[in-house]
Every structure is written in C-alpha cells, then in structure tokens.
Protein chains: 4
Amino acid sequence: MKDLSNEMLQEIISEVKPLIGKGKVADYIPALAQVNNNQLGIAVYTLDGRIYHAGDASTAFSIQSISKALSLTLALSVYEEQEVWSRVGKEPSGQAFNSLVQLELEHGIPRNPFINAGALVISDLLADKLITPRFSLMELIRHLSHNPKIQFDKGVARSEFKHSARNSAIAYLMKDYDNFKNQVETVLKDYFQACSIKMNCIDLAKTFSFLANRGTPVGHKETLISPKMSKQINALLATCGLYDEAGDFAYRVGMPGKSGVGGGIIAVIPGEMSICVWSPELNESGNSLAGIAALELLTNKLSRSIF
Amino acid sequence: MKDLSNEMLQEIISEVKPLIGKGKVADYIPALAQVNNNQLGIAVYTLDGRIYHAGDASTAFSIQSISKALSLTLALSVYEEQEVWSRVGKEPSGQAFNSLVQLELEHGIPRNPFINAGALVISDLLADKLITPRFSLMELIRHLSHNPKIQFDKGVARSEFKHSARNSAIAYLMKDYDNFKNQVETVLKDYFQACSIKMNCIDLAKTFSFLANRGTPVGHKETLISPKMSKQINALLATCGLYDEAGDFAYRVGMPGKSGVGGGIIAVIPGEMSICVWSPELNESGNSLAGIAALELLTNKLSRSIF
Amino acid sequence: MKDLSNEMLQEIISEVKPLIGKGKVADYIPALAQVNNNQLGIAVYTLDGRIYHAGDASTAFSIQSISKALSLTLALSVYEEQEVWSRVGKEPSGQAFNSLVQLELEHGIPRNPFINAGALVISDLLADKLITPRFSLMELIRHLSHNPKIQFDKGVARSEFKHSARNSAIAYLMKDYDNFKNQVETVLKDYFQACSIKMNCIDLAKTFSFLANRGTPVGHKETLISPKMSKQINALLATCGLYDEAGDFAYRVGMPGKSGVGGGIIAVIPGEMSICVWSPELNESGNSLAGIAALELLTNKLSRSIF
Amino acid sequence: MKDLSNEMLQEIISEVKPLIGKGKVADYIPALAQVNNNQLGIAVYTLDGRIYHAGDASTAFSIQSISKALSLTLALSVYEEQEVWSRVGKEPSGQAFNSLVQLELEHGIPRNPFINAGALVISDLLADKLITPRFSLMELIRHLSHNPKIQFDKGVARSEFKHSARNSAIAYLMKDYDNFKNQVETVLKDYFQACSIKMNCIDLAKTFSFLANRGTPVGHKETLISPKMSKQINALLATCGLYDEAGDFAYRVGMPGKSGVGGGIIAVIPGEMSICVWSPELNESGNSLAGIAALELLTNKLSRSIF
C-alpha cells in the first residue's frame, strides 16, 4: 500500500489515459455529444480535510444521474424515512435503468431511487414538500461544496426536456398506479434541472464527504443526516448505484458509488475519503469507461475497499 | 460501541427471541418442515482466532444455499477466473431466485452464482473438473472448520431430489443454450448433496473466516484464495447474497452475507470477523427472520458495518 | 336450424337474462358505473336489408372500444394499407389490453389495432391525415347507420380524459420509439371522443353491415372498402377483437367480433349478417357476460358460425 | 371465381415456385436439414370425396407440429372436454412457440395446445389414458387417410430426442406447477414419435377432412368428433395454429390451419374442403414460405375464405 498523494493520482491518470477512444460519449442530446472526449480528472477528499487531485479535476461537467444521490439525500432530510420507502424500493433492478417492464409487473413501485422511475418518485416527493425543489437542491450543493458559483445548465435541461418521452411514459405509468402526485411536466422540469447541474471533480468529492463521514460533511459542524442514514445510503449506492453494472463495479472497485452519463462517478470509502472521477466516454452500460478503471487502480494502489 | 463478548451475543439472542413465531419454517420438503422452530444461535470468529457464541450455536442445521458460496470458492480455486465468469454473471437478478424468465431473456447465462441457475452452472463446472465434486467440497469444509465430523444429510438430499422439477427445468433450459455440459441428473445430485450438509454456527463462522481475512483462513498458513478474489466474493455476496432482499439486507445490516432456507446466514466484516446466525423461521423473502434481526443488532452494538 | 326471427331473438333474451347479476358493470369512471345493469338488447341486420331485434335494442350506450374497429376502417380508407401496417401489427397480444410490457419488448410497435396502444397509433395516423378526425368518424358512423342523431357523450369523454394516465404512458412510450407523431394530449382527446359515442344495437348492426357484405354497406351503392380489406378486418377481429378472450370467443361463438367496456359487442357472419348485442355487466376479461352468451345461443340456434 | 381443378392447382404451383430459394429449410436436426428444398405440393379434398392435387403432392414429409392438431383431436375423443381445458388454455400466446416466460408468469398452464408447452400437456394426458399413445395416434391417422403404410421416422424421432433440452425444460417447469403427471422422458418420446410421422399432402388433406365436415371424416359413416367440437378445433386453429403468425395468416389466407417445421400446412374451409400444402423452406416465423403463398393464391382464385 502506498500513501495517497497528488503524484499517485497523476500516475493513475497516466495509466488510464490510453483507454480514451475505446468508449463513446453520450449523444442522445447535442449538448452532451459536443463534449471533448479527451478529458480525464480525479479528486479525493479525505476526512482530515485534505483535497488531492490530478488531470481535469477543475473542469465542470454535467453531473446527470449523480444528482439522484443528492435528491435522495434531500428527500431523506425532509421526510420520515418510511414515507420515502413506501413509495420506492431498495433493491437492485436487474433491468435497464429506463425500462417500464418491471415497473408494470411491480405495480408502479420502482425498485430503487437510482433508476429513472425511482428518481422521478423522489422528485415528486420533493415537489410536494418544497416550494422550489431545484433551488433547495442547489442551495444544498453549494453549501456542501463550498462553491457558490455552481449553476444549472439551462440549455442541457431544455434539451433533455425535449427528449423526455420515455420519462413521461414512466411518470404517467406511476400516476396510473397512484404513485405520482404532481403534474408530470412540472416534476420533469425539476428533474432535468437537477441533472443539468455542472460541477467539477473537486466540487463533487467535497459534496459527498458526508457519506464518508457518517453523515456529517467534512469541515462542517452540523450533521446533514444521521450516521444510520449515511450507512443506509452507502448500502443503496453499493447495490444499485451503477445501473446494471452494480455487481461488476462492486467486484472490481468495491466502493459505494453513483455514476452519470456525463461521465462522472462519485464513490466513497466510509471512514476514509470521498472520490470523484470524470471522463466523458461511456462503456456499454452507460458508465464512464476510464472512470471505472481509475477507481479500480486507486483501490488497488491504496489496498482499500469496503470488502 | 461496546466490545464483542459472549455476553453481548447473549443479549442479542434475548432481544431477538420474541420474533420467533412471526416467520415460517421452510416446508417444501418434510425433512426441513420438521425442524423445531424455537431455535436461535449466533457465533462470531475474529481474526485473532477467538470464537464467541450464544444460543443454539452448537446445533447443526441444513446449510442449504450457504453451500453456494463454498461451491463458488471451490470453483474459483480450480478454474481460471475468466472460465467461471464466461458462464455466469456478477449482477443482482431483480427476480425470484428460481425464476426462468430472466434466464430465457438473457439466453441461458444466469445473473449470478447465488440464484439457483447460477449455482447449477457452478456445479456443472465442478463436475467437469473434479472426480467427485461433493467429496472435494466436503473435504474443503472439514478443513476450514477443523471439524472432521461434518456430514451430508442423505435423507434431505434424497428428498430435495424428489422435488427437483424446477431445478431440472432450469438446468435443461441452460443446456438448450449450451451453458450446461453434464447430465442434468448427475449434477442435480451433487447440488442437493451440497445443500444437505449439516453444520452449526461455530463451524460456519470458522469456515468463512477466509473472507474476513483476505483469502487466508484464520489460523491457517496457506492462502485459500487470493486477497483480490476474497474481495470479489465479498462484493458478490453484498450485492447478490440474499436473494431478492440483498438491497434491504445491505441497508439494514451492511455486510456481505449468504442465507439458506434452513435458516442460517453467514456474514463477514472484512478485516475483522466472520459471523453465523441461525433460526429456522423465514421471512417472506425466504431469509431467516430472527437471523437478520440478530445481525442488525450486532452491527448496531458494534458500530461496525462496511458502510 | 331454425329461421332467424324476432321471436328467436326474444327467446335468446329470455334464456340469457338470468345471467344478469353475475357480472360487473365497468366502474373506472362514474358515467359508466351509473348505467342500469339490468339491460339486454340484440339486433341482427341481414344482407337482404332486414333488421331483427329484441330486448333493449333501441337504447343507446357508450360504444367504447367498438369504435376501434371503425377508426381502423377509416384509417384503411384514407391510407395505403402498408402505411398502416408499418406502424401496428396484426397478431394477437397474449397480454392485458393496456399492458406496456410487450410494447417495450417489441420496441414501440403495438401487436394489433385493437389493444389500446394500437388504437392510439391509429388515432395518431388519423390526426396526421384528417383535419378533425372525430368529426370524420362521426360522419362515417351517421352515414353507415342512417341515423343523423348519433352523438358524442362529452361527459364521458371528459371523464375518461381525467383517468388517462395509463394511455398517456402508452403514447409517450411509443413516442420514445418514434411511433407516435402528434401531441399526446390532442390525440388522446380524439381517442376518448370516439370511445364516448352513444349508439344502440340497431345502429351498430347497421353500421357494421359492410363487414358482412364484402366491404359494401347493405343498402348502399358505393363500396366503403374493398372485399379483400373487408376480409382482412374480419380476420383481425376474429384473432384480436375480444382482448385476452379472443380464443375463447372464437371457440364458443365463432364469429369475428369487437367488444367494448360499455357492454356492447358487434359480430358478423360474412355473407349473411351483422349482429350487435348489449348488456352492461362484464366478465373478468372485460367483455359483456350476457352478450357473449347471447351470441353463443344465436350461433347454436342458427347453426351458423365461420367454423 | 373459378372452379377448383387440378389445372388450377397446377397454376398455383407455377406461380409460387419462384419463391423457392427465399426461405430456409429447418436445420436444427440433420434429418430435416437434408431435405431437398426444391419441392412444392398441394392437395385439396372436397366434401363430395374428390381429391385434387398438383406438384409433389405424393411425396411424404415429416409432419412435425401438424401432429399437434391430431393429438388434440385424439385427446378430445378420449377425455371430457373440461378435463382437457383445465390443463391447457385456448388463447393465442403472443410469444415464441417454445418460450418459458409466459408459462412461468401463468403458473404452468400453457396458453393453447399448439405451442410446445400445450402439446406436451396433451401428450401427458394421452399417456395417462392410453397404453401406447403413439400407436393409438398412428391407428387414427391410418384410418382417416385410408393409408395403412404411413410410418414413424424413427431416425427423426431419435434425433429430435437428442435435441430435446428445451422441451425437457418446459415439461419440468409444468411438473413444478403440478401440470405434468408422467415421466418427462417417456412423454417426450411419444411426442417426438408423433412429430416424426411421414405423410404426403394427399394423406393429410384426407386426414383432416373431418374438420371440414362437422366432425365426420368424408366418406366415413361414423362421426369422429361432434359438430360442436369440430367447430371449436377450427376456432383454435384459426387463432393459434400458426405460431406467432396466426394473425397474419388469418389476414392473408383466412382459414383455420396448422403448420409444421417440415414445411407442411393443413387448412380447412368448413363445409367445403380440406387442404394440404408443402414446401420445405420456412419464413422467419417458422412457417412454409411458399406454402402460405399457395394458400393465399387458392383463397383468391376460389374467392373462398371464412371471412
């Protein structure tokens, strides 16, 4: 085992870089398709408040589904635990992230909060409780990252909304099962705004430090969520965080994590550190190809994983 | 956090005991249905070689699907890693443990080695490589548990074989997809023999110590499997070990684990301890009701989990 | 075999009447739930232009899905055959009429024009070609039935639109597969208007005479559709017209037919007659319980069926 | 409309012959793969006892799934109707003929007697009631065809049995749901023997005349099945006889029919005639490509169909 350092992260960047060209940048909306594929960044934030980074760790990207972990955290902070889990499950889905098959067979209750159906239920919950959920979420993110300049990318959000037919289908199917309360269009707009948030690896590593630190953001005095809840979110990330590749990610990397089609992945080693990697090219499961490889290298170099 | 002790385990037994009566003993074969439901045991084996236990920790029971974790270990010790993973996946299934739906939609490749289809593929692999797989498995178990008296329960194995129609269907479906090589009947007999093995909590906690100790059984000199492989099996257990309740188990307990319909559950905290709980009554997902509660209490009392 | 007469139809009404009370009136919208369940009517229109009827044959009811056969006829009269069948299939579905499972597995192409997904595609096609599809449909119906007083029931249409979440889900899912071109809301409104049309048994028997007469409405000079097309629509009705009960209906009754949740069923014996029965109580498959029994009796009394 | 004649059939053969080369001979067992693809025959048997034929109508071929219609007839002649229909449904399947998905979702009750699962249940029923079902079936066929020389092709039967994994899976899955009573292997052998029977178009047209003649074989004095049962089998053939192409077959041809992977198709026009066509090359749905085209031509030339 070697010690964590900027040099170690730089080594990882160098070793992983040759993978660029073997994946495929998300292209279902123009705004994502135009991203330069040749980017790779990593940042690590440790419990003692030190930040390590290498590569394009300061370049902001579209966090996309990483926002689902933050929306869930926000929901768990404003609802009783049971109110959330009566509307969405905690089990892996074994199906494509945007499939309606399982949702119909299981009568409108999504398998977990990280597939699209589950994230839409969480957005619906937030719409019930908060006046403007997107601003509450943004406020939380700026607070956790200590970066007041983080913004929505309205162009991305609008573009996603234009391609939202499948998410509309999912929301209406849940409405039919009485598991969706608000106007579909309103909730979808919030949902896409959350996905469109632009952050860099350093921001994200800091933002997720509370999951490495038993619910309290590193460097903060107040607890964000309880230690028990932090443990539970990590458990969910470990079993359901990487779409249909959760098992392989656990097998290769062994950390709770959440990916987005913008190419970012956040991961945590509870009690030690939070990590963010980013590289826009995706593998066939829709997760950052070089990003997973970087995390795997890091876990091997540090001899650290939860298993 | 309190220190691990026999007294702590005794407390757990006392607190959990009232749950007995709220579950249901497996009754699909008479031999299992006849088990006295009023039993509850726990054993913990730490990396320094100490054993703690309480309740019916010395009473042997049918390990059933817990054997799947041992068969996988045996397969990984006699095959190249890739030979195994070309035949069976590493992802959660999101379906009942004995369903054929997903198996057909995914062309005969089981989702993971812990659902029935996956375990049958592992048995098929062992049948190709070993002369008498059941004896090799028994030898491994006696060696790991330091208990040469462990036996098959031939009555249970015969009884299971008589009720094997669904497992036959699964095996033949895989044969149709060319993912099953040996005679179905021969492999099923091995499979049911493995499930029929009788062990107690202490035996099982010792047997699984290698997963807590980076591949080397506690108190042994030789490595059983590599640290990397040990980490990988733990990752699989965490995402797929408790049938369709893996997510909830991770959420409540937060340890890699494997359950059996005999009411046993093994779990590990890597770097610290291996644990076995047993109580015959099952919840609706087919996992020991009191067993899961006992593990949840233990994790809370010790403030230990992987998350 | 006896000769068709009003007395024969009266006998059928008497024999079938005791079934009333054994089914269940559709209650998913109030307007349908309020219908008096104790009604039963039958009308037969023969190729020589005679009308026979008994029971409540002059009472108008909500035609509901019977409109799907008329919308398909309208679509086939304004489109090239192939334009229609590239968008929707001709095979039985083997699934509930409003399921999304098969639609997703088959990439947004509905199995046939009589399940909800297929009927929505037909409405979408009509919306592309006609300025106000609902008025074109109404014009056709008034022309075929010789009854200019037939009306939409706007209350029913509005009420259906309020409960349209599942149909919205279906339409958006097809939009995601690029098999739905117009605004979902616009098409749904046309679709529900068509379902809301109120007609009585005599109107409906007359309206469907073209399917008994090789495409030319009885008593009309102009052909509505070609003999080949008439044969083809009958074939579709025979294999797909009664939801998930098409096989049993063919087995018991042996005529091409189409049912609606308002309790109406139309059926034809090609070359001989068109028939409409109506009774509001439905069986478990959503088809008129007494209506099917009346058709079965008629086929036995006349010794007439297509088989 | 022209009159039926050998010349008309010869015209059909000439018009359809150019299709040969556009399909694909079944090749899952060598015995079928070796059949000369360049063959095409047709035979028509009318209610007045005349036989018309053209092309290779005297060449015997493997009847394969056409036997399912005969096994069902045999079962309905030795069981009460309800005993049969409590074990197998009467609805189209909407799934591939050998799929297990629907069978599991519907708890082991096959959709109809013409998909593999349903035909296996019928074979299981025959095994319960008859001493040697295959000989009873052969006796029936020789009797109906007036041809005592019809034989099983034991090579084909053995070859099928060697490739029977999927059918074994189906049978065991039904056994698990308690819808299969006898030894799987025994029933499969009967099933494959029935499929292996070799007959020519003339034999088959004669054999199925009872379905055109209200249950009584043309030229026979005794009724084989009741008029009602004959009508019902025709209804089943019309909705379920051509695998996943039943709707398209009804649309194009408009007759009750049953196909086999040997390239044969039987069809009937109730009250008029029974027909057999044969050409070994299959379309993508597994039905004779030229055979369907020949039936479509015949229906157009005669202006005859049930619709």
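So that the names make sense, note that chain A is the first sequence line, chain B the second, and so on, each numbered from 1. All values reported here derive from a predicted model rather than from experimental measurement.
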- line: Note: A:Ala250 and B:Ala235 closest approach over all heavy atoms is O-CB, 3.1 Å
- request: Taking all heavy atoms of B:Gly247 and all of A:Pro92, pick out the closest pair and write down the distance.
  value: N-CD, 4.1 Å
- prompt: Do you know which of B:Asp248, B:Ile269, B:Val268, B:Leu211 has the most heavy-atom pairs under 4.5 Å to chain A?
  reply: B:Asp248
query: Can you list the steps and then say if A:Leu105 with B:Gln95 is a side chain to side chain contact (heavy atoms under 4.5 Å, CB included)?
result: CA-CA 11 Å; A:Leu105 295 177; B:Gln95 302 261 335; 5.9 Å; no
task: Might you confirm whether atom NE2 of A:His220 has over 12 heavy atoms from other residues, nucleotides or ligands at distances under 6.0 Å?
output: yes
Please report the interatomic distance [atom1]([X]) to [atom2]([Y]), rounded to the nearest 0.5 Å.
{"X": "A:Phe307", "Y": "B:Arg214", "atom1": "CZ", "atom2": "CZ", "answer": "14.0 Å"}
{"X": "A:Leu242", "Y": "B:Glu91", "atom1": "CG", "atom2": "CD", "answer": "9.5 Å"}
{"X": "A:Lys231", "Y": "B:Arg304", "atom1": "NZ", "atom2": "CZ", "answer": "12.0 Å"}
{"X": "B:Thr239", "Y": "A:Tyr251", "atom1": "OG1", "atom2": "OH", "answer": "11.0 Å"}

Residue part contacting chain B, namely of [X], when any heavy atom lies under 4.5 Å:
{"X": "A:Asn112", "value": "neither"}
{"X": "A:Val253", "value": "backbone"}
{"X": "A:Ser305", "value": "side chain"}

message: Applying a heavy-atom distance below 4.5 Å, give me the residues of residues 281-295 of chain B that approach chain A, sorted by number.
response: none
task: Quick one: which of A:Asp244, A:Ile233, A:Leu237, A:Leu236 has the most heavy-atom pairs under 4.5 Å with chain B, could you say?
output: A:Asp244
